[in-house]
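Worksheet: one structure, shown below.
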Amino acid sequence: MKFLEEIQKSIQGALRSLGFIEEEPGIILEKPRLKSHGDISTPIAMSLAKKLKKKPLDVAEKIVAAATFSKDIVASVEVAEPGFINLTLSPKILAENLLEILSRKGRYGSSELGRGEKFQVEYVSANPTGPLVLVSARAAAVGSTIVNLLNFIGYDAESEYYVNDHGSQIQALGESLRYRWREHSGMLAPDEEIGAYPGEYLKAIAEKIPAEKALEWEAEEDPLEKFGAFATGELLEQIKKDLDVFGIKFDSFYFESSLYPEWVERSEGIIENKAFAYEKDGATYFKSSQLGDEKDRVLRKSDGNPTYLLGDIAYHLTKLERGYKKIVDIWGPDHHGHMPRMKAAAVVLGAPQDWLEVDIVGWVRLIEGGVPVGMSKRAAKFISLRDLVEEVGSDVAKYFFLMRRANSPLDFDLDLARKQSDENPVYYVQYAHARISSVLKFAEGKGCEWDPKIANLGLLDSGAERALMVHLAFFPQVVEGAAITREPHRLAVYAQELAGLFHQFYQDHKIVSDDEAVASARLLLAEATMRVLRNTLELMGISAPSSM
RNA sequence: GACCCCGUAGCUCAACUGGAUAGAGCACCGGCCUUCUAAGCCGGAUGUUGCAGGUUCAAGUCCUGCCGGGGUCGCCA
């Protein structure tokens with residue numbers, strides 16, 4: 001990372017001395033696709049050529065002539081048609097980077113970029129009205145990885161689960177649980193309806209209700225609320241357990257019910273004071289259309305009850321007052337229509353324009369035998385997170401969720417995920433890690449030593465060795481990019497490439513060579529690779545096995 | 001109908017802030033284990049990036065229109 005900044009500075013210095021820039025532009029450095037184009041390339045000359053009214057190639061030549069690159073970092077510089085500047089890294093910087101990996105271990109790739117800024121990522125937040133379904137599982141994998149990434153680059157990021165334990169859906173849940181309880185107790189009326197949640201899972205919960213409790217609730221004025229609260233509590237416990245098995249931990253759970261009435265009333269007051277509210281047909285409306293929404297939204301229904309939106313606004317007011325500098329909400333695809341009104345509300349609450357970021361996780365379809373498996377929370381049959389983890393294991397499930405862009409729809413190939421074989425992409429990466437671990441153990445058994453202080457890393461000069469070192473050197477940049485764009489799939493892509501480069505290296509070279517100097521250099525390279533593979537997997541919450 | 005997402009190899013997907021000859025995996029064919037893990041490696045075939053325009057030195061990526069798939073559009077959450 002540091003060497004990339006050095007290179008940027010060198011180029012900027014050249015641009016300044018040539019008088020090409022008034023303000024300093026970001027210098028784009030990228031990894032060329034072709035080996036013949038070096039390790040790093042920049043198209044800066046081409047983007048400047050137009051403003052300067054000069055030929056891109058000439059601009060590039062001038063920049064190269066004016067720039068002074070440290071010999072310790074850049075081995076050679078070339079200008080290529082139609083105006084690229086291509087740099088090749090020096091063996092020295094690659095070796096230094098290897099040493100950095102080995103000394104920083106699990107912290108390699110981390111930085112202070114975020115300066116400890118308070119960040120909150122909210123995800124999953126599924127209603128406690130049933131077991132977690134696959135979209136939630138995907139959101140869990142994506143959200144937790146984003147939190148890990150943000151903390152890794154120096155933000156103070158926390159994860160939170162918003163529990164919708166309030167409102168009409170909970171009443172409906174209470175109705176269904178009451179049905180199950182009456183069914184269980186043989187008290188069912190002949191024409192009684194099961195309500196909105198016919199799933200089998202409420203049966204087990206109904207059986208846990210002590211008879212005297214249920215009778216007590218029945219006698220109260222709002223029995224459905226009591227049944228609903230009981231169901232919510234039980235289901236939330238199950239959700240927590242499922243998340244735990246999946247390896248997902250939240251820093252906090254925030255209950256919607258705790259927002260009533262204070263936070264809700266305060267939020268409403270702020271909106272009213274800023275004249276963004278009005279009355280119509282006995283309901284209170286939010287003038288969200290003035291702030292980019294399609295139309296105005298109801299805050300308080302004509303029956304006096306707040307809407308889900310008002311509750312969510314109140315929830316975001318707590319986020320604002322809890323001091324988060326930036327909020328990321330990760331929502332399911334069914335919520336994207338909610339986005340403009342919530343963003344509008346955040347502005348009215350006094351948040352900066354870009355304070356609230358909403359990222360949408362795409363749908364998950366489970367494919368088995370080439371056909372989609374039907375699923376819906378309200379249908380009797382569905383595939384839950386628990387089913388999935390039992391079926392394929394959490395490493396596989398997470399990897400499948402993380403290997404694609406989060407916002408695009410995902411077809412989860414259950415048959416492929418189930419296979420404990422080379423067809424399954426997860427094992428490709430984990431195998432590389434296990435393989436290195438095993439080689440290191442073998443070398444240790446043979447009495448080999450690989451001390452970074454005395455090794456001659458200059459011996460790592462083959463194509464495969466170099467390619468591996470270069471890729472390792474780009475890890476910090478990949479981490480930063482993945483964190484800032486909230487695209488954790490980049491980690492999976494990176495890990496896949498790194499594993500591939502290692503496997504090639506392994507094939508081409510005997511690591512535990514008879515030549516001791518060569519052996520120790522290669523062992524160091526192998527160990528550094530193992531560290532970075534592990535870092536990548538850990539960020540994704542996936543285990544890095546030492547044997548397979 | 002309005003709005004949002006998606007459309008890349010037979011299938012599932014990558015392509016970093018617009019960059020050079022669009023890449024992996026799976027599936028298919030052929031090679032490689034008396035040496036550190038063959039869940040691996042090497043080689044082979046596969047493309048009008050949905051279609052049509054536009055912007056520019058450069059477009060899978062940005063803009064417009066169209067086609068196809070999915071989603072949202074409630075005083076539900």
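Worth saying up front: this structure is predicted, and the values here are computed from it rather than measured.
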Completion exercise
Whether each nucleotide of nucleotides 31-38 of chain B has a protein heavy atom under 4.0 Å at its base (B), only at its sugar-phosphate (S) or at neither (-) is summarised, 5' to 3', as ----BBBS

Exercise for the section: Would you please say whether a donor-acceptor pair under 3.5 Å links the side chains of Y399(A) and Q496(A)? Expected result: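 Short answer, yes.
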
Practice task
Could you tell me whether the side chains of S289(A) and D296(A) share a donor-acceptor contact shorter than 3.5 Å?
Solution key: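 A pair is found: one side chain offers a donor N or O, the other an acceptor, under 3.5 Å apart.
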
Is any side-chain N or O of [X] closer than 4.0 Å to OP1 or OP2 of [N]?
X: S168(A); N: rA77(B); result: yes
X: S408(A); N: rA14(B); result: yes
X: R490(A); N: rC16(B); result: no

How would you label the contact of [X] with the nucleic acid (heavy atoms, under 4.0 Å): base, sugar-phosphate, or nothing?
X: Y428(A); result: sugar-phosphate
X: K280(A); result: base
X: R297(A); result: nothing
X: P56(A); result: nothing
X: P333(A); result: sugar-phosphate
X: D281(A); result: base
X: R405(A); result: sugar-phosphate
X: H503(A); result: sugar-phosphate
X: H335(A); result: base
X: D165(A); result: nothing
X: E30(A); result: base

Could you check how far [atom1] of [X] sits from [atom2] of [N], rounded to whole Å?
X: F400(A); N: rC26(B); atom1: CZ; atom2: C1'; result: 10 Å
X: N407(A); N: rC5(B); atom1: CG; atom2: P; result: 9 Å
X: F401(A); N: rC13(B); atom1: CZ; atom2: P; result: 13 Å
X: D415(A); N: rU12(B); atom1: CG; atom2: C1'; result: 13 Å
X: L34(A); N: rG19(B); atom1: CG; atom2: C1'; result: 13 Å
X: L416(A); N: rC13(B); atom1: CG; atom2: P; result: 12 Å
X: D293(A); N: rU72(B); atom1: CG; atom2: C1'; result: 12 Å
X: H338(A); N: rC4(B); atom1: NE2; atom2: C1'; result: 15 Å

Provide the Watson-Crick or G-U wobble partner of [N], both distances under 3.5 Å; none if there is no partner.
N: rC32(B); result: rG40(B)
N: rG23(B); result: rC13(B)
N: rU64(B); result: rA52(B)
N: rC73(B); result: rG1(B)

Exercise for the section: Considering non-hydrogen atoms only, spot the tightest contact between V429(A) and A499(A) and give its length. Expected result: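 Smallest interatomic distance, heavy atoms only, reads CA-CB, 4.0 Å.
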
Practice task
Work out which heavy atom in A283(A) is nearest to a heavy atom in S302(A); give both atom names and the distance.
Solution key: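 Residues A283(A) and S302(A), closest heavy atoms: CB-N, 3.9 Å.
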
Handout entry: Nearest-Å distance once atom C1' is located in both rA22(B) and rA59(B)
Key =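 rA22(B) and rA59(B) have their C1' atoms separated by 12 Å.
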
Which nucleotide, [options], lies nearest any side-chain atom of [X]?
X: H336(A); options: rA14(B), rU72(B), rA77(B); answer: rU72(B)
X: K295(A); options: rC75(B), rG74(B), rU12(B); answer: rG74(B)
X: W363(A); options: rA20(B), rG71(B), rC13(B); answer: rG71(B)
X: E294(A); options: rA15(B), rC3(B), rA20(B); answer: rC3(B)
X: T485(A); options: rA77(B), rU17(B), rG74(B); answer: rU17(B)

Problem - Anti or syn - rC33(B), cut at 90° from 0 - result: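 Judged by the O4'-C1' to base torsion, rC33(B) sits in syn, the angle falling within 90° of 0.
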
Practice task
Find the distance between CG (L459(A)) and CG (D515(A)) and round it off to the nearest 0.5 Å.
Solution key: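 L459(A) atom CG to D515(A) atom CG measures 7.0 Å (nearest 0.5 Å).
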
Problem - Reported CG-to-CE distance for the pair L523(A) and M530(A), which is rounded to 0.5 angstrom - result: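 Nearest 0.5 Å value for the CG-CE distance: 11.0 Å.
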
Practice task
Answer yes or no for this row: H37(A) ring on rA20(B) base, centroids under 5.5 Å, planes under 30°.
Solution key: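 A stacking contact exists, since H37(A) sits close and nearly parallel to the base ring of rA20(B).
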
Mind listing the side-chain donor-acceptor pairs of residues 303-311 of chain A below 3.5 Å, one per line with the distance, residues two or more places apart or on another chain?
residue : atom : partner : partner atom : Å
D303(A) : OD1  : N305(A) : N            : 2.8
D303(A) : OD2  : N305(A) : ND2          : 3.3
T307(A) : OG1  : V298(A) : O            : 3.0
T307(A) : OG1  : L299(A) : O            : 3.1
T307(A) : OG1  : L309(A) : N            : 3.4
T307(A) : OG1  : L310(A) : N            : 3.3

Exercise for the section: Name the residue closer to the 5' end of RNA chain B, choosing between I85(A) and H166(A) according to the nucleotide with the nearest heavy atom. Expected result: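 Going by which nucleotide is closer to the 5' end, it is I85(A).
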
Practice task
Using the side chain to side chain donor-acceptor pair (under 3.5 Å) rule, pick out the option among H335(A), K343(A), K319(A) that qualifies with D329(A).
Solution key: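 For D329(A), the side chain to side chain donor-acceptor pair (under 3.5 Å) check succeeds only for K319(A).
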
Handout entry: E527(A) and R531(A) ion-paired at < 4.0 Å
Key =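 Yes.
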
Handout entry: Salt bridge D39(A)-R466(A), side-chain N to carboxylate O under 4.0 Å
Key =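 Counted as a salt bridge, because a side-chain N and a carboxylate O are separated by less than 4.0 Å.
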
